[in-house]
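The next block holds one structure in the form of structure tokens; read it before the comments.
The sequence lines fix the lettering, A, B, ..., with proteins before strands; numbering per chain opens at 1.
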There are 2 protein chains.
Amino acid sequence: MTAGNKSDKVNMKTLARELNLSTATISKALRDSYDISPETKQRVMEAARRLNYVPNAYASSLRKQSSNTIAIIIPEIADSFFSQAINGIESVIAPKKYHALIYLTHDSYEREASMLDDLASGRVDGLIMSVASNTQDTSHIKTLQETGIPIVFFDRVCEDLTADKIVTDDFNSAYTAATHLLQAGCKNISLVTISGYPSILSAREQGYRKALADNGITSEDAGIVTCTNKYTNENVGIIKEHLRAMKPDGIIATVEHLATSTYLACDELKLQIPHDVKVVCFTNQITAAILNPPLTTILQPAYNMGKQAAEILFGRLSGRLVEAEQELVMPSQLVARASTAS
Amino acid sequence: MTAGNKSDKVNMKTLARELNLSTATISKALRDSYDISPETKQRVMEAARRLNYVPNAYASSLRKQSSNTIAIIIPEIADSFFSQAINGIESVIAPKKYHALIYLTHDSYEREASMLDDLASGRVDGLIMSVASNTQDTSHIKTLQETGIPIVFFDRVCEDLTADKIVTDDFNSAYTAATHLLQAGCKNISLVTISGYPSILSAREQGYRKALADNGITSEDAGIVTCTNKYTNENVGIIKEHLRAMKPDGIIATVEHLATSTYLACDELKLQIPHDVKVVCFTNQITAAILNPPLTTILQPAYNMGKQAAEILFGRLSGRLVEAEQELVMPSQLVARASTAS
DNA sequence: CTGAAAGCGCTAACAG
DNA sequence: CTGTTAGCGCTTTCAG
């Protein structure tokens with residue numbers, strides 16, 4: 001039981017009483033309105049500071065029908081890409097004194113849908129999201145859009161939706177990754193990926209297929225390994241089985257956590273990277289450079305993607321940005337390291 | 001401009017009109033109150049679904065003076081420990097339909113203080129936090145506690161504060177790490193750490209010192225290297241300089257991002273781990289096992305710490321937990337890998 | 001320049 | 001069982 005409880009809660013009425021003014025004047029003075037005299041403003045500010053006045057966030061939000069709050073909905077948080085993106089988002093909202101509610105779908109469509117339904121409550125002014133990998137039906141998203149809440153998607157976007165989107169050039173990145181492996185001498189390249197609908201997964205797969213096709217290799221799907229989207233040992237088993245069966249000499253892993261699984265699988269089978277199999281992974285992990293061996297990565301501009309997403313969202317919120325929704329494609333970067341050395 | 005805007009906003013008044021009932025009845029029916037007839041409840045529920053009614057979060061929070069929202073304040077997000085802890089927190093708040101506001105201090109006392117001041121606005125019912133490394137004055141925290149908002153600290157706690165705290169046994173962990181290195185044959189162990197006040201840093205330092213003292217080694221502070229708490233190349237330089245000057249044969253790194261800096265520093269100086277220098281780091285990075293060489297870690301129970309913190313917070317919020325504030329110490333685990341092999 | 005009054009949408013006494 | 005009423009604390013006309 002703490003002291004100084006509810007009893008001494010100071011609100012505008014308290015200030016008004018203290019200064020013999022009306023709450024209307026207090027309100028205007030605090031918002032630095034033009035039609036309040038400088039002296040009154042001084043007095044109000046002083047009293048507010050002295051009495052430790054803090055405006056009630058919900059009263060203000062209710063009245064203004066806006067909350068200075070946005071939601072961030074992502075599949076996972078223990079993932080370098082997403083946590084770096086959050087940093088980018090935070091870098092633009094913090095200076096504006098906006099607040100961020102964070103929600104994790106754990107890649108579940110049901111959770112995602114219920115989160116979006118809830119957001120129609122006026123809780124947030126806008127939303128930045130990356131869809132769950134098993135989200136196919138997008139009606140929950142459209143319903144929220146219809147309430148007028150702007151949504152900006154990043155990385156995992158829905159193709160059938162009209163909205164602002166920030167993505168990387170996944171097709172090209174996968175194409176580049178595959179080409180990089182081919183140039184390193186690989187003849188039999190596998191794609192280690194996860195199941196799901198987001199376009200980034202299919203784009204990465206298409207890029208991979210195209211690179212093989214352009215080099216006269218017809219894969220017949222044998223080179224595609226589908227893992228679960230959880231960081232579990234199960235994936236190590238799936239990858240090992242594939243390595244044993246198909247004996248690929250090159251692997252492209254499409255999401256961050258598959259790097260560890262792939263390395264462990266190779267290790268358990270005593271396959272040497274890059275001698276027996278070369279590996280490249282889409283990941284933003286900072287430890288890539290000190291892995292055994294250092295891992296060639298497709299590095300996404302996670303921080304800047306988050307930053308851009310937030311900036312576009314604020315453009316919408318402020319009414320500054322009125323053009324049609326756009327898809328912004330930001331370049332990823334292949335960082336070559338020992339895991340793909342010839 | 002999306003269709004179906006504000007105009008058709010449906011609130012309790014709409015439902016009341018629709019069904020020829022009062023808003024009081026609607027409110028009670030929706031909350032499944034005992035004194036509403038089953039049939040009325042049915043009608044209300046049906047109408048709510050049909051008209052897509054979503055209760056206004058802020059009106060409700062304002063009226064009830066509680067928001068079903070908590071704040072999470074942490075130094076960084078792109079850090080495995082913190083992101084895993086958030087997962088733990090989320091695992092308990094999501095089923096309770098609570099919301100989480102997330103704030104990053106970037107280890108700045110000023111930002112932290114302004115965040116805590118703001119939370120007196122009634123925006124959240126409770127707070128889970130890990131203090132900034134340069135927070136020394138804790139008056140901003142005490143002030144918030146006085147408003148009656150329960151705060152639970154985890155990992156980076158303040159010693160001079162009365163509050164619920166979830167920590168790991170940092171002293172013992174560091175002692176264990178140092179002992180582990182001594183047993184592996186190290187004679188000259190350095191502690192690579194960051195500057196700051198949180199007790200975990202001093203506990204880790206004390207544990208290190210005690211282990212050396214217990215083994216007849218007097219360090220005279222020469223073995224302590226202080227880095228910046230940013231993930232920058234600067235730290236690689238600082239560590240390299242120390243390695244050159246002091247030639248330690250063992251290193252304990254106290255925070256996650258120093259693992260990468262330490263490995264890079266050794267690499268640049270062509271020092272072999274573990275042959276020339278053995279390394280152990282406090283980190284939760286999942287890639288520890290696939291580093292070159294695999295890294296011996298002090299693994300903190302991050303997920304469970306977050307979970308416990310949230311559970312204790314809910315205990316306070318519900319009034320279920322009324323005993324004096326407690327400090328819960330959870331064990332870390334030394335996971336020995338090749339980086340400390342003899 | 002300042003104040004009175006209405007109301008954002010919801011909840012909780014209290015009556016009936 | 002249902003309705004009336006009075007606010008939660010703030011902002012915003014509109015008068016003066």
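Here C:dT11 presents its C1' atom at 16 Å from CG of B:Leu21, a figure rounded to the nearest Å. B:Leu15 has its CG atom 15 Å from the P atom of D:dT2, to the nearest Å. Protein atom CD1 of A:Ile26 is 11 Å distant from nucleotide atom P of C:dT2, rounded to whole Å. For the pair B:Leu30 CG and C:dA12 P, the interatomic distance rounds to 13 Å; values are reported in whole Å. As rounded to whole Å, 11 Å separates atom P of D:dT2 from atom CG of B:Leu19.
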Output, in order, the C-alpha distance, side-chain angles, deciding distance and verdict of side chain to side chain donor-acceptor pair (under 3.5 Å) for A:Thr135 and A:Glu112.
CA-CA 8 Å; A:Thr135 290; A:Glu112 181 180 286; 2.9 Å; yes
Take A:Asp107 and A:Arg156, measure what salt bridge (charged side-chain N to carboxylate O under 4.0 Å, His left out) needs, and give me the verdict at the end.
CA-CA 11 Å; A:Asp107 270 318; A:Arg156 303 201 190 169; 3.2 Å; yes
Step by step, work out the side chain to side chain donor-acceptor pair (under 3.5 Å) result for B:Asn134 and B:Ser108.
CA-CA 7 Å; B:Asn134 67 349; B:Ser108 150; 5.7 Å; no
As a quick check of understanding, evaluate side chain to side chain donor-acceptor pair (under 3.5 Å) for A:Asp125 and A:Thr69, giving each step before the final call.
CA-CA 6 Å; A:Asp125 298 341; A:Thr69 303; over 6 Å; no
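For DNA chain C, the residues of residues 37-49 of chain A within the heavy-atom distance limit of 4.0 Å (strictly under) are A:Ser37, A:Thr40, sorted by number.
Remark: A:Ala120 engages A:Leu144, A:Thr147, B:Val54 in a side-chain contact (heavy atoms from CB on, under 4.5 Å) (not counting sequence neighbours).
None of B:Arg49, B:Arg50, B:Arg43 except one satisfies the side-chain hydrogen bond (donor to acceptor under 3.5 Å, both in side chains) rule with B:Glu46; the exception is B:Arg50.
Residue B:Val157 comes nearest to B:Ile166 through the heavy atom pair CG1-O, 4.5 Å, listed as atom of the first residue, atom of the second, then distance.
Between A:Phe314 and A:Tyr98, the ring-plane angle classifies as perpendicular under the 30° and 60° cut-offs.
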Given protein heavy atoms under 4.0 Å, the one-letter contact record of nucleotides 8-16 of chain D, with B base, S sugar-phosphate only and - none, is simply BBBBBB---
